There are 2 protein chains.
Amino acid sequence: MASKTYTIRDLAREFDITTRTIRFYESEGLLAPRREGQTRIYSEKDRVNLKLVLRGKRLGLTLAESRELIEMYDPEHGNVAQLQRLLEKISERRVMLEQQLADIRLMQTELDAAEERCLNALQKARQKES
Amino acid sequence: MASKTYTIRDLAREFDITTRTIRFYESEGLLAPRREGQTRIYSEKDRVNLKLVLRGKRLGLTLAESRELIEMYDPEHGNVAQLQRLLEKISERRVMLEQQLADIRLMQTELDAAEERCLNALQKARQKES
DNA sequence: ATTGACGTTTACGTAAACGTCAACTTAAAC
DNA sequence: GTTTAAGTTGACGTTTACGTAAACGTCAAT
């Protein structure tokens with residue numbers, strides 16, 4: 001089936017990050033490109049993982065946390081105990097996301113208020129000017 | 001009116017952070033407690049600011065970014081140009097929050113899928129056990 | 001055949017966000 | 001009156017997430 005592959009530069013361009021970052025993620029176990037000689041060849045799965053990591057970053061996750069999320073993807077390599085730990089982590093993550101949702105809503109409200117104060121101040125400033 | 005005040009330990013306890021963190025935030029200009037002799041006395045406003053910073057942290061903001069948000073609170077000290085920059089920042093923040101909302105939804109969906117795979121794997125693992 | 005773009009590794013540097021002492025005051029408790 | 005508990009200020013250490021630079025290989029184009 002010979003699925004699509006990417007060079008390191010392809011991915012760097014697509015996600016607007018440096019190649020250094022991509023190599024660093026590999027060294028941290030977040031990506032596992034195959035090699036062709038020395039050169040790294042990235043699969044679609046690598047690309048998806050990278051996307052996950054970057055999304056995680058936007059939500060404030062550390063790389064270690066993102067790695068956990070990635071490892072959730074194939075829960076095959078797990079005994080019962082491990083799988084239950086995974087389920088726990090999933091539910092922990094959900095709690096965090098709910099917290100973030102609440103935080104976002106609060107912050108949006110505050111931005112609304114801040115904008116109003118700001119527009120008011122602008123009014124006053126312009127009156128003085130005239 | 002003598003509004004309510006807090007010691008550094010009060011706030012540390014309430015928000016489950018160390019006093020070191022609170023002093024650090026002060027050194028970064030995020031808090032400005034008054035002094036009584038050497039000792040810091042925190043006002044309600046300090047407490048609110050601290051809450052803002054911690055919320056920001058949960059959303060992945062840096063301290064510098066949180067400081068910006070705090071400075072938005074009183075837009076009095078601003079000329080027209082500054083106020084317009086503030087409005088820009090507010091709208092930038094809104095864009096980021098929207099992005100985060102989308103990220104959260106995607107991640108929730110993925111957690112759902114991950115949980116299903118995990119439960120499936122548990123089934124199989126338990127069948128083997130029996 | 002050399003230039004330029006891309007790839008590699010190794011190693012050190014750095015900014016952010018605190019933690020961790022050490023050494024000292026001050027206030028409260030016994 | 002002296003422990004003890006909580007406050008203070010440096011100063012240095014640590015982790016995370018890369019940046020930066022050196023030193024080199026590969027290949028396509030001029």
Side-chain angles (χ1 to χ4, degrees), chain A residues 4-43 46-47 49-71 93 96 99-100 103, chain B residues 4-43 46-47 49-71 93 96 99-100 103:
Chain A
K4 187 160 192 193
T5 65
Y6 307 86
T7 72
I8 196 169
R9 195 139 295 270
D10 288 342
L11 294 182
R13 251 191 295 271
E14 175 173 1
F15 295 111
D16 194 31
I17 56 182
T18 68
T19 60
R20 174 69 180 90
T21 298
I22 295 178
R23 289 192 202 98
F24 178 69
Y25 288 173
E26 178 180 353
S27 80
E28 296 293 301
L30 297 164
L31 303 173
R34 69 167 215 270
R35 297 298 183 109
E36 202 147 283
Q38 287 263 79
T39 305
R40 292 163 169 87
I41 310 276
Y42 296 86
S43 68
D46 290 316
R47 187 173 158 279
N49 283 4
L50 181 51
K51 198 188 275 193
L52 280 177
V53 173
L54 297 175
R55 182 186 300 153
K57 279 199 60 181
R58 287 195 301 270
L59 293 176
L61 301 198
T62 68
L63 296 185
E65 289 169 329
S66 286
R67 188 172 44 213
E68 279 186 355
L69 286 180
I70 286 174
E71 283 163 3
R93 277 276 153 245
M96 290 192 48
Q99 173 69 60
Q100 285 188 305
D103 286 333
Chain B
K4 189 161 190 192
T5 65
Y6 307 86
T7 72
I8 196 169
R9 196 140 293 268
D10 288 341
L11 294 181
R13 252 192 294 272
E14 175 173 0
F15 295 111
D16 195 30
I17 57 182
T18 67
T19 61
R20 175 69 180 88
T21 298
I22 295 178
R23 289 192 202 98
F24 178 68
Y25 287 173
E26 179 181 351
S27 79
E28 296 293 302
L30 297 163
L31 303 173
R34 68 167 216 270
R35 297 299 182 109
E36 202 148 282
Q38 288 262 78
T39 304
R40 293 164 168 85
I41 311 275
Y42 296 86
S43 68
D46 290 316
R47 187 172 157 280
N49 283 2
L50 181 51
K51 199 188 275 194
L52 280 177
V53 173
L54 297 175
R55 183 187 300 153
K57 279 199 61 179
R58 287 195 301 270
L59 294 176
L61 301 199
T62 68
L63 296 185
E65 289 168 329
S66 286
R67 189 173 41 214
E68 279 187 355
L69 286 180
I70 287 174
E71 284 163 1
R93 276 275 153 248
M96 291 193 47
Q99 172 70 59
Q100 284 188 305
D103 286 333

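Atom set for the values below is all heavy atoms of this structure, side chains included, hydrogens, waters and symmetry mates excluded. What you see is a predicted model, and the numbers here were worked out from it, not measured in a lab. All chains are named by letter (A, B, ...) in the order of the sequence lines, taking the proteins before the strands, and each is independently numbered beginning at 1.
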Look at all strands and tell whether Thr18(A) reaches a base, only sugar-phosphate, or nothing, counting heavy atoms closer than 4.0 Å.
sugar-phosphate

Side-chain contact check for Thr21(A): nearest option of dG19(D), dG19(C), dT8(D) is dG19(D)

For atom CD1 of Ile8(B) and atom P of dT26(C), their distance in whole Å
18 Å

Between Arg93(B) and Met96(B), what is the shortest heavy-atom contact and its length?
NH1-SD, 2.9 Å

Taking only residues two or more places apart in sequence or in another chain, which ones pass salt bridge (Lys or Arg N to Asp or Glu O under 4.0 Å) with Glu68(B)?
Lys89(B)

For the helix from dA1(C)-dT30(D) to dC30(C)-dG1(D), measure the angle between the helix axis at one end and the axis at the other, each built from five pairs, rounding to 10°.
10°

Would you list the atom pairs, donor with acceptor, under 3.5 Å between side chains in residues 19-31 of chain B and any protein atom, with sequence neighbours excluded?
residue  : atom : partner  : partner atom : Å
Thr21(B) : OG1  : Thr18(B) : OG1          : 2.9
Glu26(B) : OE1  : Arg40(B) : NE           : 2.5
Ser27(B) : OG   : Phe24(B) : O            : 2.7

Hey, can you pull the residues of residues 24-37 of chain A with a non-hydrogen atom under 4.0 angstrom from DNA chain C?
Arg35(A)

By salt bridge (Lys or Arg N to Asp or Glu O under 4.0 Å), which residues pair with Arg13(B), not counting sequence neighbours?
none

Among all residues two or more places apart in sequence or in another chain, which pass the side chain to side chain contact (heavy atoms under 4.5 Å, CB included) test with Gln99(B)?
Arg58(A), Asp103(B)

Can you sort out the partners of Arg67(A) under salt bridge (Lys or Arg N to Asp or Glu O under 4.0 Å), two or more places apart, ordered by chain and number?
none

For nucleotides 10-13 of chain D, tabulate all protein N/O to nucleotide N/O atom pairs closer than 3.5 Å, reporting atom names and distance.
none

Side chains of Phe15(A) and Lys51(A): closer than 4.5 Å at any heavy-atom pair?
yes

Listed partners of Gln100(A) passing side chain to side chain contact (heavy atoms under 4.5 Å, CB included), at least two apart:
Leu59(A), Leu97(A), Leu59(B), Ile104(B)

With sequence neighbours excluded, residues passing side chain to side chain contact (heavy atoms under 4.5 Å, CB included) with Ala32(B)
none

Let's see if you get this right: which residues in residues 59-67 of chain B place a heavy atom under 4.0 Å from DNA chain C?
Thr62(B), Leu63(B)

For Arg9(B), all residues meeting side chain to side chain donor-acceptor pair (under 3.5 Å), sequence neighbours excluded:
none

What does Arg23(B) touch in the nucleic acid at a heavy-atom separation under 4.0 angstrom: a base, only the sugar-phosphate, or nothing?
base

